[in-house]
**Q** 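Below is one structure. I have some questions about it.
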Amino acid sequence: MMDPSKYAPGYFNAPGRPMRWVEKDRIERAPAWCSVDLRDGNQSLIVPMSLEEKLEFYRMLVKAGFKEIEVGFPAASETEYEFLRTLIEQDMIPPDVTVQVLAQCREHIIRKTFEACKGAPSAIIHIYNSVSVAQREQVFRRSRQEIMDIAVEGARLVKGLAAEYEGNFRFEYSPESFTGAEPEYALAVCNAVLDVLEPSEANNVIINLPVTVEMSLPHIYASQVEYMSGNLKYREHVTLSVHPHNDRGTGVADTELALLAGADRVEGTLFGNGERTGNVDIVTLAMNMYSHGVDPRLDFSDMPALVKTYEKCTRMRVHDRSPYAGALVFAAFSGSHQDAIAKGMKWREEKGLHQWTVPYIPIDPRDISRTYDADVIRVNSQSGKGGVGYLLEQSYGYVLPPKMREHLSYLCKSVSDHEHRELRATDVLEIFQAHYFNHTDPISLCDMRFLQQQGGVTGEIVFARDGERTSVQTQGNGSLDAVSNALKSYTGTDYKLRVYTEHSMQGAGSGATAAAYIGLEDPQGQLHWGAGTDTDIIRASAHALLSAYDNMIRK
């Protein structure tokens with residue numbers, strides 16, 4: 001049995017609540033963004049990125065518009081160190097981009113971090129130490145003053161070294177485990193650090209408030225942020241940053257409320273990659289702003305390319321239901337949803353509307369290079385298997401095997417190319433049916449009878465050709481295998497049944513229509529496809545088999 005009595009809230013309420021952020025109803029402008037994919041995200045991967053993968057990911061982040069990128073923990077490993085040196089020595093840091101590096105408040109780590117940053121056109125030295133009650137008592141076993149001293153000494157060291165090393169440096173301090181510390185204590189530590197770093201108009205300092213572990217409802221964190229924002233020294237010269245994780249699944253909510261509460265900057269990752277349940281998802285945050293008419297100052301207009309590079313470099317997968325980026329987030333399987341969307345698209349076209357108001361879809365999929373149904377997915381000579389297969393599935397319910405989708409896409413491309421026109425959903429359906437669907441010439445199936453026996457089935461299959469019927473006795477390990485063996489015997493043709501899939505298309509129970517797809521491999525190793533439908537799955541499969549056979553002998 002689960003025992004909730006062993007848990008108690010580990011967070012602290014900010015003094016002076018209630019807070020003013022609750023009066024705001026929208027985020028008016030985008031924060032400064034800092035990607036921590038190459039540090040926080042990378043350290044959480046089962047297989048951390050190689051140097052080449054980190055470079056490819058870095059280039060993607062720059063292209064997307066990130067102006068601050070945490071590139072690693074250069075004192076932690078040679079790969080991290082080498083990556084930063086590569087960026088600096090190969091002049092890969094654009095003038096408007098600042099790299100950020102992380103270092104614990106420990107002297108040898110800070111010194112090696114400055115060595116790694118030597119010559120950087122612009123770098124943020126991000127130091128941290130943990131200030132939470134649990135860390136102070138259980139890990140470090142030090143007093144509040146001793147923990148504060150660690151932070152202050154770290155600040156003194158980075159300030160001194162910045163004057164010694166070549167480079168343009170900016171400072172950031174994070175009271176790690178901020179959400180598990182007393183707000184007034186976290187404030188005292190941050191103000192002590194600021195007294196050392198002396199923020200000014202020419203020396204803007206970042207104070208970052210990490211949700212190292214989510215411990216509260218989002219509004220509690222927002223109140224903590226507003227308390228810090230209202231009480232930090234040198235506030236006009238301090239950038240207040242947040243770095244939420246997602247342990248409670250509310251990282252996005254934490255961040256959005258924190259922005260209402262006074263935060264100026266967000267650290268996060270693409271698609272929320274990070275330790276445990278991950279960091280806050282910057283893609284979701286930015287697109288949420290975009291959907292409210294706020295320019296996020298990040299370019300996610302080619303979301304499929306972003307997903308592809310992310311998955312390639314991290315070996316992670318963007319979930320099909322991941323907001324905005326998932327493969328199925330614009331797909332409505334409900335007929336009523338599809339009807340409403342189609343009518344909404346038509347209404348928008350009729351009225352010549354610029355404003356997006358289509359039911360069920362928060363943004364125009366085309367804004368991020370995505371498509372939806374027949375009104376959005378357009379098929380021409382440049383189209384691929386994904387669009388054709390998705391269109392058939394959404395519009396008509398056919399779920400083709402991947403290789404069959406690829407074969408159909410080439411047929412569609414050929415028609416579009418030769419006729420120099422765009423193909424609609426009805427055109428794709430017509431091509432699909434003409435090439436694969438329920439072929440009965442020259443051979444048709446008249447009757448089938450099966451007897452289930454131990455280890456398989458026996459049966460009688462009646463074929464017809466040119467009006468002449470022939471009965472074939474057969475057996476197999478299943479009904480479809482028995483039909484296939486009968487067809488081989490009847491025609492004297494050899495092949496291998498390589499692909500078989502089937503699904504219910506509509507209705508339920510005995511009246512449901514079943515669709516089946518079959519791929520036959522001929523002796524030369526080429527696949528030939530067929531499809532069939534029937535209220536009986538065995539007959540649907542037999543129709544698909546005969547259709548595939550017909551395509552094979554025609555070749």
Side-chain angles (χ1 to χ4, degrees), residues 31-36 38-40 66-76 80 84 87-88 93 96-131 147-176 178 186-210 212 225 228-229 231-243 262-267:
W33 301 105
C34 179
S35 161
V36 294
L38 296 170
R39 197 278 303 171
D40 202 334
F66 284 93
K67 302 305 180 186
E68 296 177 6
I69 302 172
E70 191 166 85
V71 296
F73 199 143
E80 303 275 288
L84 177 56
L87 295 180
I88 296 171
I93 305 172
D96 61 344
V97 172
T98 299
V99 294
Q100 178 171 302
V101 289
L102 187 68
Q104 292 171 310
C105 287
R106 300 173 65 184
E107 182 175 351
H108 71 285
I109 290 177
I110 291 174
R111 288 187 179 278
K112 187 169 183 180
T113 299
F114 270 92
E115 283 290 335
C117 291
K118 186 176 181 180
S122 181
I124 296 170
I125 308 298
H126 179 186
I127 60 171
Y128 73 96
N129 69 308
S130 188
V131 300
I147 294 296
M148 183 183 292
D149 290 343
I150 293 173
V152 170
E153 287 305 313
R156 286 175 180 157
L157 183 58
V158 297
K159 184 179 180 181
L161 291 175
E164 299 177 14
Y165 279 84
E166 174 191 355
N168 178 25
F169 300 110
R170 189 177 173 197
F171 307 121
E172 175 176 351
Y173 171 70
S174 287
E176 189 196 0
F178 166 78
L187 176 67
V189 173
C190 290
N191 279 335
V193 168
L194 290 174
D195 282 338
V196 173
L197 298 178
E198 298 180 299
S200 65
E201 187 172 350
N203 178 34
N204 184 277
V205 173
I206 301 168
I207 292 293
N208 185 55
L209 305 178
T212 307
V225 170
M228 296 291 287
S229 178
N231 292 281
L232 282 172
K233 292 183 177 180
Y234 316 94
R235 182 64 181 92
E236 68 274 22
H237 303 308
V238 171
T239 294
L240 186 58
S241 177
V242 294
H243 181 125
D264 311 303
R265 180 179 183 267
V266 172
E267 294 187 350

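Computed over heavy atoms, backbone and side chain alike; hydrogens, waters and symmetry mates excluded.
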**Q** Starting at CZ of Arg106, measure out to NZ of Lys112 and round the result to the nearest 0.5 Å.
**A** 13.0 Å
**Q** Within a reach of under 6.0 Å around CD of Glu201, are more than 12 heavy atoms found that belong to other residues, nucleotides or ligands?
**A**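 Counting other residues, nucleotides and ligands, CD of Glu201 stays at 12 neighbours or fewer.
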**Q** As a quick check of understanding, evaluate side chain to side chain contact (heavy atoms under 4.5 Å, CB included) for Val158 and Leu197, giving each step before the final call.
**A** CA-CA 9 Å; Val158 297; Leu197 298 178; 4.1 Å; yes
**Q** Please examine the side chains of Leu161 and Phe169, heavy atoms only from C-beta on, and report whether any two atoms are closer than 4.5 Å.
**A**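 Of all side-chain heavy-atom pairs linking Leu161 with Phe169, none is under 4.5 Å.
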**Q** How long is the gap from CD on Glu153 to CD1 on Ile110, to the nearest 0.5 Å?
**A**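 Reported to 0.5 Å precision, the distance equals 10.0 Å.
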**Q** Return yes if a side-chain donor-acceptor contact under 3.5 Å exists between Thr239 and Asp264, otherwise no.
**A**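 Looking only at side-chain atoms, Asp264 and Thr239 do not form any donor-acceptor pair under 3.5 Å.
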**Q** Heavy-atom distance under 4.5 Å between the side chains of Val225 and Met228, does that happen here?
**A**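 The answer is no; the side chains never approach within 4.5 Å.
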**Q** Can a salt bridge be assigned to the pair Glu267 and Arg39 using a cut-off of 4.0 Å between side-chain N and carboxylate O?
**A** no
**Q** Look at the aromatic rings of Tyr165 and Phe114 and report parallel, tilted or perpendicular, splitting at 30° and 60°.
**A**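 Ring orientation, 0 to 90° scale: tilted.
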**Q** Is it true that Tyr234 and Glu198 share a donor-acceptor pair across their side chains at a distance under 3.5 Å?
**A**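 Looking only at side-chain atoms, Tyr234 and Glu198 do not form any donor-acceptor pair under 3.5 Å.
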**Q** First locate atom CG of Leu240, then atom CG of Leu209, and finally report the distance between them rounded to the nearest 0.5 Å.
**A**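 Going from the CG atom of Leu240 to the CG atom of Leu209 covers 5.0 Å.
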**Q** For residues Ser122 and Arg170, is any side-chain donor paired with an opposing acceptor at under 3.5 Å?
**A**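 Not at all, the side chains of Ser122 and Arg170 share no donor-acceptor pair under 3.5 Å.
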**Q** Give, for atom NE2 of His126 and atom OG of Ser241, the distance between the pair rounded to the nearest 0.5 Å.
**A** 7.5 Å
**Q** Whether the side chain of Lys159 engages the backbone of Val196 through a donor-acceptor N/O pair (distance < 3.5 Å, no angle test) should be reported.
**A**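 A pair under 3.5 Å: yes.
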**Q** Identify the two heavy atoms, one from Cys117 and one from Leu84, that lie closest to each other, and give their separation to 0.1 Å.
**A**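 Distance-wise, the nearest heavy atoms are SG-CD2, 3.8 Å.
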**Q** Between atom CZ of Phe178 and atom CG of Asn208, what is the distance when rounded to the nearest 0.5 Å?
**A** 10.0 Å
**Q** To the nearest 0.5 Å, what is the distance between CG (Leu38) and CD (Gln100)?
**A**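 These two atoms lie 11.5 Å from each other.
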**Q** What pair of heavy atoms forms the shortest contact from Gly72 to Glu80, and how long is it?
**A** CA-OE1, 3.2 Å
**Q** Only one of Glu236, Arg235, His237 clears side-chain contact (heavy atoms from CB on, under 4.5 Å) with Pro199; which?
**A** His237
**Q** Do you know which two heavy atoms are closest between Ile147 and Ser130, and how far apart they sit?
**A** CG2-O, 3.4 Å
**Q** Does this structure show an ion pair linking Lys118 with Glu115, if we count only N-O contacts that are shorter than 4.0 Å?
**A**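 Between Glu115 and Lys118 there is no salt bridge, as every charged N stays at least 4.0 Å from the carboxylate O atoms.
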